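Predicted model only: the values in this text are computed from it and were never measured. In what follows, every chain begins at residue 1, and chains take the letters A, B, ... in the order their sequences are listed.
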Amino acid sequence: MDYDEAQGYVVLSTLCMPLLAALIILFIPGSKKMAIRYVSLIAATAMLGLSIYIFTAYQVAGAGIQMELQWPWVENVGFLGEDGITLHLGVDGISALLVLLNGIVSFAATIVSWKIDFRPKDFFILFWVLVGGVYGTFFSFDLFFWFFFYELAVVPLYLLIGVWGSTRKEYGAMKLTLMLVGGSVLIWIGIFAVFHEANIGTFSLPALYEAAENGAFSTNFQRTFFPFFVVGCGVLAALWPFHTWSPDGHMSAPTAVSMVHAGVLMKLGAFGIIRLGIQLLPEGAAFWMPGLMVLGVIGAVYGATAALTQRDFKLISGYSSVSHMGYVIMGLATMNDVGVTGAVLQMFSHGVMTALVFLLIGALYDQAHTRDLKDYGGIAKIMPAWVVFYTVAGLANVGLPGLSGFTAEFHIFVGTFHSYPLFGGLAIFAAALAAGYMLRMFSIVFFGPTNPRWADLKDLRPLEAMGAVTLLAAIVLMGVWWAPFTDRVAATVTHLPGVIGIA
Amino acid sequence: MRDYTIFIPEFVAAGGAVLIIALELIWPRIRRDILATLTVLVSLGWIGASLAYIGMGDNNFQGLIQVDNFTTFFRILAGGIIAVVAIMSATYMRDRAKTASEYYGLLLVAGIGMVYMAAARELITAYISLELLSFSLYILVGYLKRDALSSEASLKYILLGAFSSAFLLYGISLIYGITQTTYYDGIADALLARSGDTDAAAVVGFMLILTGVGFKVSAAPFHMWAPDAYEGAPIPITAFLSTLSKAAGFALILRLFTSAIQVDAVEWRWAVALLSAATMVVGNLMAIQQTNLKRLVAYSSIGQVGYMLVVVAAIGYGDPEVGRDASSALLLHIVGYVVSTLALFTAITAIYNRTGDDSIPGLRGLAETQPFLALVIVVSLFSFAGLPFFAGFATKLFMFQSSTTDGLLWLIALAVVNSFVSLYYYLMILRQMYLFDPPEGAARWRLNPVMWCMGAALIGATIAIGVYPGPFFEAAAHATEPLYQQGADLLVQR
C-alpha cells in the first residue's frame, strides 16, 4: 500500500466514523445516556484529529485531488458503463479546508450537546448521520454519491429541529425541510440532464469534468442548466431570495443543530455551486455570474439591514448568516482567483464564527429561557467569560484585522473591486452595517443597567468553554497566520475552469 | 412443442393452494397459523423450483407462454410477496375471520395469475391470466364479509374491474382485426407491414388496451376504485393489492409494449406520457388531503405508478437501448417499491392488531410507545420519497436517469417535482409519530417477535437496495434481457 492509498483510507475512515458512531448508538439502550455521550465524544474527537490530519497532510505543491480512494460500486449494468458509480473519495484544497471546518464544528457541537437529556439516543443518531452526510459531500468525487450524501445531510434536520427545537419548531422544521429538499429537486433535474448530455455512462465527476473540457456540453445547454445547480445549491447557501428558511430554521433549531447547520451545512450549498456549477458548467458560470453577483450583494446588504432591527439573538445571527453567505456568493461570482479564494475562506471563517455565536446563545438561553435583547442588560458583569467570547466572535463577524473574518472578507473585497468595482463599494457598506448591528447588540446586552432578574446566571460551564476555546482558536489562527489556509485553497482555485488570475 | 416441465413451479403453487383449501375441509378446526405457515412453505418451494430456470433460454409452450429470466424474476417476486403477506395475515385473519383456507389458497392462485401475465406471449393468455389475478383479488378484498366496508370495496372493485376488462377485450379485438393474430411476435410483424389506412383502428385499439391495463395498475384517471378497495380490504390484502397486483400489471405491460406494439410506438407513446403525468399529479395531490392511512397509501401508490409509467413512455420515445435500460431500472424500482411497501404494511398491520385504528392521528406518539415500528414506517416512507440510504433513492434515480431522453425531459422534471410534493405528506405522518406525545394512558408495548423479525428483514432489504444496488440491478438487467433479444430481432427487420 503506497502513501497516497494509505491516505485514502484515512479519508474513508473519516467518512465512516460518524456513520459508525450512529450505528453503535443505535444498539445502545436509550436509558444508558452516559454511554451514548461517551461514544459520541470519542467519535467527535477522533474526527477532529482525522480532519486536522487531512488538512495538514494536503500538499500545496501537488494541488488537484489528493488522498484518493476509488472503489467500483455499480458498473456495466443497464445505463451505467465502465466506472458507472464509484465510491470515489478524495480531497482538493477547497474540501480540505471545509473538512477541517466540519471536524471543528461537529466536535464543539458534540460537547455542548452533552446536556441534552430528552431522548439523547435519537438525537445523536440523527446528528451523526447529518455529520456523515456533510463529510461525504465534501469527499465525494462521484455525482451519485455526492447527491446521496448531500440529501443525507439535509433529511435529519426535520426531526432534529422538530423534536429538540424551540420557538415555533414545527413550522421552522417543515419550512426548512421543504425548501431545502425543493432545492435538491433542481439539482436532481440538473444531474439527469448532465448525465444524459455527457453520454459517457458514468457519474464520476473527474470524467464529467473532462467531458466538459472536451465540449460535451454546448453553450446553450450550460446556460440552461447552470441555474438549476446554482439555485438548487443556493437554497442551502441562503442565496437571496431563497434564504427565508434560514432565520426561521435557526431560530427553531437546538444549539448543536444551529451550530452545525449554520457552521457547516450552509457551506455545502456554496460548495455545490463550485463543484457542480463552476467546475461542471464553466460557460454557464461565465454567463450567469454577473446575475449571481447582484443576488450576492442584495443578500449581503439585505441580511445586514434586517439584522439591525431584530430583537431575538438567534434572528440576528440568522440574518447575519444570510449577509455573510452573500459575501460568499459575491466571492464566487467574481470568478477571479482572489475572490473565489476569499469565498472559500469566508465559508470557513463564517462557519467557526457562527458556530461560536450559536454556542454562546445556547449557553445563555438554557439558563434564561429568553432570547429577547430587551430583556437583558449588564451581562458583562455577570458572565464575563461569555461576553469575552461573544465579543471576539462578533468582531470576527465585523471583520476586525487579526481575526478570521478579516482575512476572508479582505480577499473577497479585493476580488470584487477588481471585477465589479461598484459592487465592491456596496459590500463595504454591508460590512459597515455589520458593525452597526453587532455594536447595537453589545451595547444593549453587555452593558447598560444590570437587570436584577439575571443576577444568578452562571458563566460558561467547562464543557461549553472547551467548545468555545476550540472555535476561538480557529478564528484567531486564521486571522493571524492565514498562509496555510490561503495556500491550500488558492492552489486549487487557480485551476478551476474559467477562473482568471489577478494575484 | 408441448413441454409441461416449464410449469413445474406453478404445479407446486397450485398444488399447495388446493392442499391448503382441502385441509380445512377435512379438518375444520385446524389452527389458522398452520395454514399461514403452510402458505409460506409453499411459496418458498415455488421460489426454489423457479431458481432452476435461471438462464434457461428458449422455453416456450406453443408460443403462448415463455419461461425466461423475465418470468423467473416475477416468479421469485410473487413467491416473496405471498410469503410476507401470509405471515402478516396470520394474527390479523385469526382474529377476524371464521375460515382462512380459501384466503391463503387464493393468495397463491393470484400469484400464479401474476406469473402468467409476465410469461404470456399471446393476448388471450395474457387476458386470462389477468382475470385469474383479478378474480382472486375480488374475493380477497371482500373476504371479511361481515364488514360492510370490505363488501362495499369488493363490489366496487368487481364492477369497475369488469368494466375495464371489457375495454381491454375490445382493444384486443381491434388489434386482432388489424393483425389477424393474437401472438405478440405475429402482431409486431403485422403492425410493421400494415398500411396507413388502419391508423385509426390501431390508435383506438392501443388506447383501449392502455385503458384496460391502466385500470389494473390504477393509473389516473382510471384510479377511482383504488382508494375504496384499499380502505375496505383486510390490511394484508391492501399490501397485496399495492405490491403484487401493480407488479403484475407492469409485467404484462413490459412484455406487451416492448415486443408486440413497440413498432407502432408513435401511435401510443404520447398517451402513456400524458397518463404518467396525470397519474403522478393526481396521486400526490390527493394524498395530501387524506386522514386515513390506507387511503393515503393508496394515493401515494398511485403516484408511484405515475413514476413507473415514465419508463413505459421512455420505451416508446427512446431507441431499444434506452428501452432496455429503462425496463431493467423499472424492475429494480419495482423490487425496491415492493419491499418498502411490505415493510410499511407490516407496521400498519401490527399497529392495527394492537389498537384497531388505521387513521393517521392514530399513530400519535408511536416513537414513544413502539419505537421499532415507528422506525419501520419512517424507513419505508423515506424510501417512497426517494431519500438516501433507502431503496427509493437509488432505484428512482436509476429509473429516471435511464428514462431521460430528449423528448421526455419535461416528464422527468415533473416526476422529480412530484416526489418532492410527496415528501410533504410523508413528513406529516412522521410528525404524528415523532413530534407529538402519545395519547393519555398509552404505554410502551411489545411487538410479536415474528413481526419484529419480518420488519427488521424488510428494512434491512430496503437499506441494502438503497446502499448497494449493484447486484439487484444486475439481476433486473438479466431479467429484461430476453424482452429485448426479441426486440433486437425486430430492429434488424425494420
Side-chain angles (χ1 to χ4, degrees), chain A residues 19 26 30 72-80 84-85 87 119 121-122 125-126 129 132-133 136 143-145 147-156 158-159 161-163 165 169-170 173-174 177-178 181-197 201 203 224 228, chain B residues 321-322 324-329 331-332 367-368 371 375 378 382 385-390 393-394 396-406 409 412-421 423-424 427-428 430-431 433-436 466-478 480:
Chain A
L19 301 175
L26 186 66
W73 205 252
V74 185
E75 59 180 1
N76 293 328
V77 55
F79 64 101
L80 294 168
I85 296 176
L87 185 67
R119 284 157 57 184
K121 175 177 169 174
D122 308 15
I125 291 175
L126 292 166
V129 169
L143 203 48
F144 176 86
F145 275 106
F147 189 58
F148 181 99
F149 287 119
Y150 182 89
E151 288 275 271
L152 194 62
V154 169
V155 174
Y158 177 74
L159 285 177
I161 296 176
V163 177
K169 56 186 184 181
E170 277 173 44
M174 187 62 99
T177 314
L178 288 183
V181 177
S184 35
V185 164
L186 296 177
I187 304 178
W188 208 358
I189 297 172
I191 290 176
F192 288 143
V194 162
F195 185 94
H196 176 62
E197 189 75 12
F203 280 108
T224 313
F228 279 77
Chain B
E321 206 179 323
V322 170
R324 188 193 60 211
D325 295 347
S327 311
S328 49
L331 289 194
L332 175 69
E368 291 281 339
L375 179 73
V378 169
F382 276 2
L387 298 181
F389 255 130
F390 310 120
F393 178 80
K396 245 193 220 173
L397 197 139
F398 289 177
M399 185 165 74
F400 293 154
Q401 183 72 70
S402 54
S403 307
T404 308
T405 48
D406 294 331
L409 206 55
I412 308 281
L414 186 69
V416 176
V417 170
N418 264 292
S419 72
F420 163 62
V421 171
L423 183 66
Y424 172 75
L427 284 182
M428 296 307 272
L430 217 68
R431 181 164 151 255
M433 297 191 300
Y434 281 88
L435 266 52
F436 296 150
V467 176
Y468 196 60
F472 302 93
F473 199 17
E474 263 162 40
H478 284 306
T480 32

Run B/Gln401 and A/Phe203 through side-chain contact (heavy atoms from CB on, under 4.5 Å) and show every step you take.
CA-CA 11 Å; B/Gln401 183 72 70; A/Phe203 280 108; 3.9 Å; yes
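Side-chain contact between A/Leu80 and B/Phe473 is present, with heavy atoms from C-beta onward closer than 4.5 Å. By the 4.5 Å heavy-atom criterion applied to side chains, A/Met174 and B/Tyr424 are counted as neighbours. With a 4.5 Å cut-off on side-chain heavy atoms, A/Phe79 and B/Arg324 do not count as touching.
For B/Ala476, no part lies near chain A; criterion is any non-hydrogen pair under 4.5 Å. Using a 4.5 Å cut-off between heavy atoms, B/Ser327 does not touch chain A at all. Within the 4.5 angstrom heavy-atom criterion, only side-chain atoms of B/Glu368, from C-beta onward, approach chain A. Looking at B/Phe436, the atoms closer than 4.5 Å to chain A (heavy atoms on both sides) all sit in the side chain, from C-beta outward. At a 4.5 Å heavy-atom cutoff, the contact between A/Leu159 and chain B is made by side-chain atoms alone. Interface remark: A/Tyr150 contributes no atoms to any contact with chain B (heavy atom separation under 4.5 Å). The contact between B/Ser328 and chain A is made entirely by side chain atoms (from C-beta outward), counting heavy-atom distances below 4.5 Å. Residue contact with chain A, scored on non-hydrogen atoms closer than 4.5 Å, involves the backbone and the side chain of B/Leu397 alike. Contact annotation for B/Leu427: both backbone and side-chain heavy atoms come within less than 4.5 Å of a heavy atom of chain A. Only the backbone of A/Glu75 comes within less than 4.5 Å of a heavy atom in chain B; its side chain stays farther off. Of the atoms belonging to A/Phe228, not a single heavy atom falls under 4.5 Å from chain B. Contacts of B/Phe382 with chain A are made by side-chain atoms alone, with heavy-atom separations under 4.5 Å and no backbone atom involved. Residue B/Val378 does not touch chain A at all, counting heavy-atom pairs closer than 4.5 Å. A/Val181 touches chain B through backbone and side chain together, each having a heavy atom under 4.5 Å away. A/Phe149 does not touch chain B: none of its heavy atoms, backbone or side chain, sits under 4.5 Å away. Residue contact with chain A, scored on non-hydrogen atoms closer than 4.5 Å, is absent for B/Ala329.
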Distance-only donor-acceptor hits, side chain of residues 187-195 of chain A, under 3.5 Å, sequence neighbours excluded:
none

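Aromatic ring centres of B/Tyr434 and A/Tyr158 lie farther apart than the 6.0 Å criterion allows.
Contact count versus chain B (heavy atoms, under 4.5 Å) is highest, among A/Val163, A/Asp122, A/Leu152, for A/Leu152. No other option in A/Ile85, A/Val185, A/Leu186 has as many heavy-atom pairs under 4.5 Å with chain B as A/Val185. Highest contact tally toward chain A, considering only B/Pro471, B/Ala477, B/Gly386, B/Ala413, is held by B/Ala413 [criterion: heavy-atom pairs under 4.5 Å]. With chain B as partner, the option from A/Lys169, A/Glu151, A/His196 having the largest number of non-hydrogen pairs under 4.5 angstrom is A/His196. The choice from B/Thr480, B/Val421, B/Val467 that makes the most heavy-atom pairs within less than 4.5 Å of chain A is B/Val467. By number of non-hydrogen pairs under 4.5 angstrom with chain B, the leading residue of A/Leu178, A/Val154, A/Val74 is A/Leu178.
Contact record, A/Trp73 with B/Pro469: NE1-CD, 4.2 Å, taken as the closest heavy-atom pair. Nearest approach of A/Gly182 to B/Phe420, heavy atoms of both residues: N-CE1, 3.3 Å.
With sequence neighbours excluded, the residues forming a side chain to side chain contact (heavy atoms under 4.5 Å, CB included) with B/Glu474 are A/Val77, listed by chain and number.
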